[in-house]
Amino acid sequence: IAALGEVEIVEREPDRILAKAGRKAHKIQRRQVELRATAAGLVWRCSCTTKRDLFCKHCVAAALTAIA
């Protein structure tokens with residue numbers, strides 16, 4: 001997803017990234033991703049799942065895009 005350029009960083013703050021990840025041509029498949037750095041460590045959320053412990057492919061792509 002990241003290599004294809006399918007991640008859009010919507011907001012970037014020192015401790016927070018908000019992104020849209022997924023195929024741009026299919027807006028319904030675009031996922032909202034939030035990555036936050038906290039004192040306890042990294043916290044993430046993606047609209048593709050409700051599983052709190054799943055660092056999904058959209059989270060990976062957002063993280064890779066943010067550090068590129």
Side-chain angles (χ1 to χ4, degrees):
I1 297 169
L4 294 173
E6 298 290 341
V7 177
E8 174 189 356
I9 302 294
V10 177
E11 291 180 30
R12 182 186 296 261
E13 299 171 10
D15 60 351
R16 180 176 172 263
I17 298 289
L18 184 62
K20 292 182 182 178
R23 296 177 60 190
K24 292 179 182 177
H26 296 96
K27 290 185 181 191
I28 198 164
Q29 293 181 355
R30 302 269 291 167
R31 305 301 183 193
Q32 298 287 331
V33 177
E34 181 180 15
L35 306 173
R36 288 186 295 122
T38 70
L42 182 65
V43 177
W44 59 87
R45 179 185 56 81
C46 181
S47 62
C48 79
T49 184
T50 58
K51 296 180 181 178
R52 300 183 74 149
D53 61 340
L54 178 65
F55 197 76
C56 68
K57 63 184 180 181
H58 306 106
C59 291
V60 172
L64 289 171
T65 300
I67 64 171

ILVMFWY cluster, [X] and [Y] together (side-chain gap under 4.5 Å):
X: Val60; Y: Ile1; result: yes
X: Leu64; Y: Leu42; result: yes
X: Val7; Y: Val10; result: no

request  = Hey, could you give me each pair passing ring-ring contact (aromatic ring centres under 6.0 Å, His included) that has a residue in residues 49-68? Not counting sequence neighbours.
outcome  = Trp44-Phe55
ask   = What pairs of residues pass the salt bridge (Lys or Arg N to Asp or Glu O under 4.0 Å) test when at least one of them lies in residues 59-68, not counting sequence neighbours?
value = none
message = Suppose the criterion is salt bridge (Lys or Arg N to Asp or Glu O under 4.0 Å): which pairs have a residue in residues 45-65, not counting sequence neighbours?
response = Glu34-Arg45
message = With rounding to the nearest 0.5 angstrom, report the CZ to OG1 distance, Arg16 to Thr38.
response = 13.5 Å
Pairwise distance CG(Leu54) to SG(Cys46) - rounded to 0.5 angstrom = 8.5 Å
remark   = In short, Thr65 meets Ala2 closest at the heavy-atom pair OG1-CB, 3.7 Å
message = My understanding is that only residues two or more places apart in sequence, or in another chain, count here; which of them pass side-chain hydrogen bond (donor to acceptor under 3.5 Å, both in side chains) with Glu8?
response = Arg30
request  = Would you check if Lys20 and Gln32 make a side-chain contact, meaning some heavy-atom pair closer than 4.5 Å?
outcome  = yes
remark   = Residues at least two apart in sequence or cross-chain that pass side chain to side chain contact (heavy atoms under 4.5 Å, CB included) with Thr50, listed by chain then number, are none
